[in-house]
Amino acid sequence: MIENLGNLERTHSCGALRKEDVGQRVTLMGWCAKRRDFGPLTFIDLRDRDGITQIVVNQENAAEAHAKAKEVRGEYVLAVTGEVALRDEGARNPKHATGDVEVQARDLVILNDARTLPFQLDAPATEALAAEELRLKYRYLDLRRPQLQGNLRLRHRLLLEINRYMDEHGFTQIETPNLIKSTPEGARDYIVPSRVQPGRFFALPQSPQIFKQICMIAGLDKYYQIARCFRDEDLRADRQPEFSQLDIEMSFATPDQIFTLVEGLFARVFKLIGVDLPTPFPRFTFAEVMQRFGSDKPDMRIEGMELKDLAPALTETTFAPFAGALGAGGQVKGMAVRGGAAMSRKTLDELQEFARRYGAGALAWIKLGDELSSSLLKALGTETVASMAEAAGTAKGDAVLIVAGKPSVVAASLGALRNEVARREELIREGVYAPLWVTEFPMFEFHEDDGRYYSMHHPFTSPLDEDVPALERAVNGEAQLFAGLRAKAYDAVINGVEVAGGSIRIHRRDVQAIVFKALGMSEETARARFGFFLDALGYGTPPHGGIASGIERTLMVLVPTENIRDVMAFPKTASAQDLMIDAPGEVDQKQLAELHLKIVRD
RNA sequence: GGAGUCGUAGUUCAGUUGGUUAGAACGCCGGCCUGUCACGUCGGAGGUCGCGGGUUCGAAUCCCGUCGGCUCCGCCA
């Protein structure tokens with residue numbers, strides 16, 4: 001029978017009681033995690049966000065409570081009043097912080113009942129969790145699991161620590177609007193129709209980028225915000241359509257000042273999980289990490305496994321895949337895998353399949369086992385293969401994985417293989433946190449599909465001072481110079497995860513105009529899209545720069561987890577749906593009419 | 001937009017070469033049990049094999065389509 005709470009007040013949480021509390025009369029409230037029935041004696045594991053306390057209900061000294069305990073089922077909501085008792089030596093449970101004691105119930109109130117759950121919260125460790133689809137539909141049940149609650153509390157502590165740190169360093173949190181204007185650059189926008197302005201639309205911000213720069217022009221000097229961002233792009237294990245960023249911008253800032261600020265922040269944040277992050281973070285240029293690791297976010301927990309140029313060992317080769325690649329301005333690069341000679345043919349086949357996803361035509365290999373073996377032996381002969389192995393920096397027992405092709409394909413496939421092989425062969429150092437800065441990103445990126453350059457970071461990113469003359473020449477016809485232009489852009493990477501990215505911005509109207517021109521934007525287009533911003537740049541804009549750090553990505557490293565849905569309360573599926581509230585949903589005709597919208601079905 | 005993978009009891013899974021009544025564990029329901037904490041024990045209920053179509057004497061199993069979850073490429077900073 002369900003009873004009212006009345007004036008009954010909770011005295012302790014279910015994780016609070018210890019030996020020192022023995023003898024106290026307490027009232028606990030929580031959910032029945034488990035009931036163990038011994039006839040006249042019934043045990044109930046009472047759970048709340050703080051822990052689990054064992055309740056003992058004995059027919060001999062609490063007949064009424066015992067009768068009610070018989071009715072209790074899993075996830076019933078209970079209030080229990082009784083005395084804290086020390087458990088016998090052999091009856092203690094070291095798995096729970098409260099395991100030395102138990103509560104001898106005098107009164108038990110059933111505050112609410114519960115239907116049988118669609119899945120078990122405390123499934124045996126031998127079993128997998130219930131299907132994620134089911135857990136997302138009943139998110140409020142899945143969130144009862146201590147693991148997820150712990151993640152959300154860590155998220156809270158992260159946000160709190162960020163706010164403290166930014167405040168201590170003189171930053172002001174400023175909220176910027178969520179209903180803004182769509183810009184065609186960058187990610188797809190989520191669009192919101194205006195009722196008041198027929199045929200016009202707001203966009204949800206992909207980031208507060210323009211607004212934070214406007215804050216600098218406004219003289220606010222040091223801005224930050226924990227901002228919600230929206231991007232209507234396909235999802236991944238680490239991407240959701242809405243997510244949070246720590247957004248930072250400061251005036252008169254050098255990259256060094258921003259690096260120091262962010263290093264201090266991450267050092268503070270990692271203390272939350274008891275880790276002393278080594279500062280300052282080592283710095284690498286984009287060109288260097290791409291050449292050595294094939295990735296702009298290398299995992300530095302992996303020792304070695306650097307990409308080596310094998311072209312010098314192949315100067316005289318006629319082997320078509322290699323000669324062809326080298327002749328066409330491509331590369332042949334190899335990566336040594338420590339102990340890789342033990343890799344099976346099956347493993348190598350799987351790795352080739354893996355490499356092909358990144359555009360590699362094939363994955364060649366050399367194994368330095370008791371005998372030299374290689375997929376290239378017939379084509380190249382022992383001598384060439386041996387010199388390739390040497391160029392890759394191998395020792396006996398190692399293997400070399402080799403990809404030939406365009407530099408972008410070689411980097412992408414070997415870069416991905418580096419992570420994949422390290423994971424499979426357990427070459428990732430456990431318990432290590434390896435941060436770095438990647439600097440001097442390219443200004444522009446060529447898109448094959450429409451044959452033009454796009455900003456790699458965003459259109460407000462400043463070029464390196466020494467590259468400005470080349471930028472001007474590139475805009476004035478020497479288009480081949482675009483590819484080599486470098487930006488004052490940087491990323492912070494920890495354990496192969498890009499946890500922050502930013503740049504020094506363009507603060508001069510003339511330089512901004514050149515960059516818009518480089519992006520193929522006419523003056524009219526630039527005015528139409530960013531006229532207000534170009535105007536603002538003309539009224540005394542200080543040099544400024546900043547950075548944004550993904551809250552979820554950072555949490556994924558801290559927890560750690562591979563699944564972004566583990567670090568947010570109400571995530572969406574890979575097809576951007578919320579299974580709990582069944583969103584997105586349809587709206588009725590009246591709402592559509594008010595918004596001046598008609599649905600066109602195709 | 002493309003690829004891979006999964007979908008069988010409430011849940012996690014098994015299900016052989018296409019063949020009789022689709023199984024196990026956990027959970028659920030009922031009985032017994034005074035020291036359990038993966039309680040034990042006796043009994044019981046529970047299935048549109050994701051959905052639609054096809055092949056076949058016969059389909060959870062083979063084929064085609066489709067829906068959904070997850071992962072990856074493209075996309076996205």
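Each chain gets a letter, A, B and so on, in the order its sequence line appears, and its residues count up from 1. Note that the structure is predicted; figures quoted are calculated from it, not measured.
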- prompt: Base, sugar-phosphate, or nothing for A91(A), non-hydrogen atoms under 4.0 angstrom?
  reply: base
Integer angstrom distance from the C1' of rG40(B) to that of rG23(B): 24 Å
- request: Taking atom P in both rC6(B) and rU16(B), compute the distance separating them and give it to the nearest angstrom.
  value: 14 Å
- line: Of rC39(B), rG69(B), rG35(B), the nucleotide closest to the side chain of R36(A) is rC39(B)
- prompt: side-chain hydrogen bond (donor to acceptor under 3.5 Å, both in side chains): which pairs involve residues 554-568 of chain A, sequence neighbours left out?
  reply: E132(A)-N563(A), E132(A)-R565(A), T561(A)-D566(A), N563(A)-R565(A)
field: Between rA3(B) and rC64(B) - P atom distance, rounded Å
entry: 13 Å
field: rG65(B) - base-pair partner by Watson-Crick or wobble geometry, distances under 3.5 Å
entry: rC51(B)
- prompt: Counting side-chain heavy atoms from CB outward, which of rU12(B), rU36(B), rG68(B) is closest to A128(A)?
  reply: rU12(B)
task: For D232(A), report the nucleic acid contact type (base, sugar-phosphate, nothing); a contact means any heavy atom under 4.0 Å.
output: nothing
message: Between K572(A) and A583(A) (side chain of the first, backbone of the second, donor and acceptor by atom type, cut-off under 3.5 Å), is there such a pair?
response: no
- prompt: Which whole-number value in Å describes the distance from L41(A) CG to rG40(B) P?
  reply: 16 Å
query: Taking only N and O in the side chain of R35(A), is any of them less than 4.0 Å away from OP1 or OP2 of rA38(B)?
result: no
- line: Counting primed atoms, P, OP1 and OP2 as sugar-phosphate and everything else as base, the B/S/- map of nucleotides 71-77 of chain B against protein heavy atoms under 4.0 Å is SSBBBBB
- request: Report which part of the nucleic acid E350(A) touches: base, sugar-phosphate, or nothing (heavy-atom distance under 4.0 Å, all strands).
  value: nothing
message: Would R144(A) pass as a cation-pi partner of Y140(A), given that its NZ or CZ must be under 6.0 Å from the six-membered ring centre and within 45 degrees of the axis?
response: no
query: Does rC13(B) pair with anything, Watson-Crick or G-U wobble, both distances under 3.5 Å, and if so, with which nucleotide?
result: rG23(B)
- request: Dump the intermediate steps for salt bridge (charged side-chain N to carboxylate O under 4.0 Å, His left out) on D21(A) and R18(A), then the final yes or no.
  value: CA-CA 5 Å; D21(A) 301 302; R18(A) 298 288 184 276; over 6 Å; no
query: So, does R418(A) use its side chain to make a donor-acceptor pair with the main chain of M305(A) at under 3.5 Å?
result: yes
query: How far, in whole Å, is rC13(B) from rG1(B) if one measures between their P atoms?
result: 29 Å
- prompt: Taking the same atom, P, in rC37(B) and in rG27(B), what whole-Å distance lies between them?
  reply: 13 Å
task: Verify whether the ring centers belonging to F460(A) and F533(A) lie closer than 6.0 Å.
output: yes
- request: Indicate whether OP1 or OP2 belonging to rG69(B) is found under 4.0 Å from a side-chain N or O atom of T573(A).
  value: yes
query: Which is true for E102(A) with a 4.0 Å heavy-atom rule: it touches a base, it touches only sugar-phosphate, or it touches nothing?
result: base
query: D582(A) side chain to G585(A) main-chain N or O, any donor-acceptor pair under 3.5 Å?
result: no
Interatomic distance where CG belongs to L141(A) and P belongs to rG27(B) [whole Å]: 18 Å
message: Can you classify the ring geometry of F441(A) versus F286(A) as parallel (below 30°), tilted (30 to 60°) or perpendicular (above 60°)?
response: tilted
message: Between rG46(B) and rC72(B), how far apart are the two P atoms, rounded to whole Å?
response: 42 Å
message: I'd like to compare against my own output: the B/S/- annotation of nucleotides 2-10 of chain B with a strict under-4.0 Å heavy-atom distance to protein.
response: --------B
task: Return the stacking result for rU36(B) and F43(A): yes when the ring centres lie under 5.5 Å apart and the planes under 30°, no otherwise.
output: yes
query: Any chance the rings of F446(A) and Y454(A) have centres within less than 6.0 Å?
result: no
- prompt: In whole angstrom, what separates D37(A)'s CG from rC42(B)'s C1'?
  reply: 15 Å
- request: Can you tell me, in whole Å, how much space there is between the P of rG15(B) and that of rA24(B)?
  value: 15 Å
message: Tell me which nucleotide, if any, is Watson-Crick or G-U wobble paired with rA45(B) when both distances must be under 3.5 Å.
response: none
- prompt: How is S207(A) classified with respect to the nucleic acid when contacts are heavy atoms under 4.0 Å: base, sugar-phosphate, or nothing?
  reply: nothing
query: More than 12 heavy atoms of other residues, nucleotides or ligands under 6.0 Å from CZ of R228(A): is that the case?
result: yes
message: I'd like to know whether R424(A) forms a salt bridge (charged side-chain N to carboxylate O under 4.0 Å, His left out) with E420(A), so could you lay out the CA-CA distance, the side-chain angles of the two residues, the decisive distance to 0.1 Å, and finally the verdict.
response: CA-CA 6 Å; R424(A) 285 170 177 249; E420(A) 175 68 11; 2.9 Å; yes
- prompt: Taking atom C1' of rG68(B) as reference, at what distance in whole Å does atom CG of D582(A) sit?
  reply: 13 Å
message: Can you check the distance between rG47(B) and rC75(B), where both ends of the measurement are the C1' atom (answer in whole Å)?
response: 42 Å
query: For K34(A) and rC39(B), is the shortest distance between a side-chain N/O and OP1 or OP2 below 4.0 Å?
result: yes
- prompt: Starting at the 5' end of RNA chain B, which residue's closest nucleotide do you reach first, R73(A) or H96(A)?
  reply: R73(A)
field: Phosphate contact (rG30(B) OP1 or OP2) by K70(A) side-chain N/O below 4.0 Å
entry: no
- prompt: For the base of rC37(B), is there a side-chain donor-acceptor partner from R87(A) under 3.5 Å away?
  reply: yes
- prompt: Roughly how many Å is it from CG in D122(A) to C1' in rU12(B), rounded to a whole number?
  reply: 13 Å
- request: Would you mind reading off the distance between Q54(A) atom CD and rC39(B) atom C1', rounded to a whole angstrom?
  value: 11 Å
- request: Could you check how far CD of Q240(A) sits from C1' of rG69(B), rounded to whole Å?
  value: 14 Å
- request: Round to the nearest Å and state the distance from N61(A) atom CG to rG35(B) atom C1'.
  value: 14 Å
- prompt: Which base sits across from rA38(B) as a Watson-Crick or G-U pair, both distances under 3.5 Å?
  reply: none
- prompt: Does the gap between the ring centers of Y490(A) and F259(A) come in under 6.0 Å?
  reply: yes
